[in-house]
Structure formats: C-alpha cells, structure tokens
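One structure below.
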2 protein chains.
Amino acid sequence: MDIHVQIKMNEKLFLRDPEQSELGKKIIQNSILLIYKNGFEAFTFKKLALDIGSTEAGIYRYFENKHRLLIYLTAWYWSWLEYQVTFQTNNIQDPVVKLKMIIDLLATTVEDDIRTSYVDESLLHQIIITEGTKAYLTKRVSEDNKDHLFKPYKDLCAIIGKMILECNPHYKYPKSLASTIIEMAHFQNFFMTNLPSLTDFGENKDESEIVRFLEDLVFSSLHVVH
Amino acid sequence: MDIHVQIKMNEKLFLRDPEQSELGKKIIQNSILLIYKNGFEAFTFKKLALDIGSTEAGIYRYFENKHRLLIYLTAWYWSWLEYQVTFQTNNIQDPVVKLKMIIDLLATTVEDDIRTSYVDESLLHQIIITEGTKAYLTKRVSEDNKDHLFKPYKDLCAIIGKMILECNPHYKYPKSLASTIIEMAHFQNFFMTNLPSLTDFGENKDESEIVRFLEDLVFSSLHVVH
DNA sequence: CTGTAAAGATAGTGATACTATCTTAATAAA
DNA sequence: TTTATTAAGATAGTATCACTATCTTTACAG
C-alpha cells in the first residue's frame, strides 16, 4: 500500500499552488532546509533560487514574499498535526488519554512522515519551534487572519479545547489552556535547548520532561487525576 | 521629592550608552514610538534618524543594529519590571499574595512611569507583547546569551520561580511555570486582541480575565487555594 | 500545427543595512 | 589661550534585499 497524504491548503496562502509542480515542491522542500539551517531572518528568495537552480522571479510566481511562505509552512504544519491528532486519537474513548496523546504529539520530536515526500516534518517541527510565532506576531495579523491564513492553527486549538472540556465540562478557560499547551510545548523546548535556566529540564534535556510538565499543568487545572 | 529611576544596563547591549546623552535618550524614546507604531519589521535606523533629526550613522554609534536595540529595549523592560515586582511585593509576607501581585503586574496594562522620563512604559509593554520574543528567537541566541543579554529576563524568571517554591516547596517545575506565566501573560493578551478565538476572553477583551486564567493555572498547579 | 502556460533568463529599481571619512562643535586639560 | 579629545553632523558609497518587468524557451494539449 502506497499512501500519499496530501494536505489541501487555503488558496490565499500562495500565488501558484506549490504542490502542483516540481518547482513548487522544490521550493517547499528547500525552503525548509534553508530556514532550518540559517534561520528565517537570513533566508532570502535569492539564496533559495540558487539552491534549487531556479531564479528569484520564479519563486515570486509561487509566493508573494518570504513571510507568506513562512505562513504557508506553519499552516501546513498545523494541518498535518491536526491530521496526526485525529489519526492517533481515533478509537480512544477516554478524553484524558486522548489529551495525553495530544500533548505527546505536540512536545515530542516529530519523525519525518515518509508519506509526504517533499516535506521533512522533523525539520519543519524545529522551524515551527523557533519561527512559528513570527507568522502571526506582525502588524498584518488581522488582515492575514481575515484571509483565514491561521485557520489550521485555530482549528487545532479548537480541537484541543473541546478535548479539555470533555475532561472537565466546568473548566472555564478551554481555549486559552489549549493555546497555552501549544505554545508552551514549543517554548519550553526552545528554552531547554537554548536558555535552559528558564526551565527545569536543563540537566537532561529530555523532551519527556516537557510532556510531564504539560500534563501536570493541564490535569491540575482540570482537577483530573491522570 | 523628585526621584529618578535609572536602570543600569549591561554594557554589551550597546556601543555607546544611550542614557548618557541627549541623542541617546532620543534614540530610545523615538525607537519605542516608531516600533510601537509600525512594528519591528518596518522599523529602520534611517526612519528613526529622520524622526529625531539625526543621521543613520549617528544611531549606529549607539547600537550595532536594530536587533541589538530590540534586545536593549526588552532588557530594559524586564529590569524595570523586576524593580516593580520587588517594590510592589515589599512588605507582603504571604507568597500567594505576592504571586498574585506578580501575575497582575505581568498581565495588566502598564502605566507610564513618570520617573523614567524618556521611556513610555505603556508603549514599551505593547512592544514587548508583540516583539519581545523576537529578541531571543534567533540563530544567535546562544552567543547573545553568553554576553548575558537576556539576564534581566532570566532574573525575573528566577524570582518568580522562587516565589512559586515558597507557595509549594514540593512543586517540581518552578522555572518552567515561571516562564509559562511570563510568556502567556503576553500571548493571551496578543491573542485576545488579534486572534480572539484562541482565548476565552474574546467577548469583553478584559485583561482581568487573563489574570484570573493565569491565577487559576498557577494555583491549581501548586495545589494552593487562593 | 498552433495556442497556452510554466519556467528560465536577464535587467532594473528603490530600499535596507551597513561602513567610511571628513568636518564641526563642545568641553576639558595643559 | 592653546590644544587635545570626543560626540555628533554631513556626506558618500557598497552589497544585499525585496521586489517588478519583460522577453524567450519549453512543454503539452487541442
């Protein structure tokens, strides 16, 4: 069985759909490599074009600018993660177990999903940790939001919020707790690696400790034993 | 009594101390206005120079580049907030009350401190919400950290971590909970304003609800009634 | 055989992120 | 009073960035 997972992206995210051509796929694949390696600030379309043996103008036919490409990558990641969450929590009845599964998916190193040929999820995960928030921390956030560019992120947040309410229907802040889990899964990881004194995981640098922290945070808030 | 609060900044944050000259103070004052207005991405030394009637080269004598200036502003803000925390929690014995005070200081709109003449803390607070994380979410974070550029942030985090342990000496993640409170005080505020569906405060857009969320989060985790 | 569209090739523009140098102004030491 | 020092203004210059425009080639579909 040779399954390909394809994620349908909002058309406003690009000028020309990168999934529909070889050049488009190369843009995605190599932008991930380049941003992972040098960071988003140092990333330019010129360098990317050089890497894939195309031209700057060629890349501008797919994406308006590099910020739009970043939004595309984050949107792709959150869509893929929602798919993972749906898949992995399928057939699990207990919402507490489901929520633990989600925390694990958020906070644990992602393995490359071979069914998505040109996206290396493990690199993309690292990009999201360091650059993900920059997609929305801008002056343009409201306009971009009107174009539904952050829908995958908001969808995932809504799913987690629902799961939280399933664990405790009386909890008052399901959406805020959901966005807290998502962001902290990444921030605590970044801190652990780069600014360890901001965490309690400096010694071992072990992701499973982040998972335990988040579980403790969530289930204490929900007054649920886990 | 005419008290001036001056914050001693790490010398690596600048090339020439902006607090020691009129031009330096203008750079700080107007960079805050400009970043507040247009965001950090659109901010350039050229525009700033034009605003204050100086030259680009003049500003480069104070700061290596605009990223360093952002780090300076964030460091200044965290130092000032640590001072606020120390001041406001002085003479309070109960660590729970202290912690509530800190959450309030973190999550509530800051008023301009008239004792700091050329820094508008309320604008700076807004800048920190949107741009603050960009100071450290870079490829250079480790080098910058070695130069102790993030010390004020880490100091504040350590203070909050201590306070958390005072509330519950058995709690296992004081530092991670501290950094979570700090970041979420800002993120929930940003979400509330710009992406309200990620929070439970969309209706009223009231900061006091963020405070209640954070208090619930913290004191549930610490198993302390508040 | 022709029309269409993607992509390559090339050029150009204005802004950005600096660096360099020279001059002037202010102040402080000799 | 002269001289040395330093900050700041004035001006210029460069490489890169972030695009935009146009023209040609290639591919493939009708």
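A note on names: the letters A, B, ... follow the listed sequences, proteins ahead of strands, and every chain is numbered from 1.
- Between A:Thr116 and A:Trp76 the shortest side-chain heavy-atom distance falls below 4.5 Å.
- For the pair B:Ile59 and B:Ile52, the tightest heavy-atom approach, listed with the atom from each and the gap, is CD1-CD1, 4.4 Å.
- Rounded to whole Å, atom P of D:dC19 lies 11 Å from atom CZ of A:Arg68.
- Taking atom OH of A:Tyr62 as the reference point, atom P of D:dA18 lies 21 Å away to the nearest angstrom.
- Between A:Phe187 and B:Phe187, a ring centre-to-centre spacing shorter than 6.0 Å is recorded.
- With axes fitted over five pairs at each extremity, the angle between the ends of the helix from C:dC1-D:dG30 to C:dA30-D:dT1 is 0° (10° resolution).
- Where DNA chain C meets chain A (any atom under 4.0 Å from a heavy atom), the bounding nucleotides read 5' to 3' are C:dA6 to C:dT10.
- Taking the six-membered ring where tryptophan is involved, the planes of A:Trp80 and A:Tyr77 are tilted, since the angle between them lies from 30° to 60°.
- Using a 4.0 Å cut-off on heavy atoms, the residues of residues 31-61 of chain A that approach DNA chain D are A:Thr44, A:Lys47, A:Glu56, A:Ala57, A:Tyr60, A:Arg61, listed by number.
- Neither side chain, B:Thr199 nor B:Gln188, offers a donor N or O lying under 3.5 Å from an acceptor on the other.
- With hydrogens and angles left out, the side-chain atoms of A:Tyr136 and A:Thr74 include no donor and acceptor closer than 3.5 Å.
- Using a distance-only test at 3.5 Å, with no hydrogens or angles considered, a donor-acceptor pair links the side chain of B:Ser179 to the main chain of A:Leu198.
- In this entry the distance linking CG of B:Asp17 with C1' of D:dA7 reads 14 Å, nearest Å.
- Annotation: side chain of A:Thr180 is not in contact with side chain of A:Tyr173 (no heavy-atom distance under 4.5 Å).
- Taking atom CD of residue A:Glu22 and atom P of nucleotide D:dA27, one finds them 14 Å apart after rounding to whole Å.
- The residue among A:Glu64 and B:Gly24 whose nearest nucleotide of DNA chain D lies closer to the 5′ end is B:Gly24.
- Every side chain to side chain contact (heavy atoms under 4.5 Å, CB included) that A:Ser142 has, sequence neighbours left out, goes to B:Asn194.
- Residues B:Glu183 and B:Thr133 bring no donor and acceptor atom of their side chains to less than 3.5 Å of each other.
- With respect to the salt-bridge test (charged N to carboxylate O, under 4.0 angstrom), the residues B:Lys12 and B:Asp144 do not qualify.
- Counting only residues at least two apart or in different chains, side-chain hydrogen bond (donor to acceptor under 3.5 Å, both in side chains) contacts with residues 36-61 of chain B comprise B:Glu41-B:Lys134.
- Residues B:His125 and B:Thr108 approach most closely at CE1-O, 3.9 Å, considering heavy atoms.
- Residues from residues 131-140 of chain A that place a heavy atom under 4.0 Å from any atom of DNA chain D: there are none.
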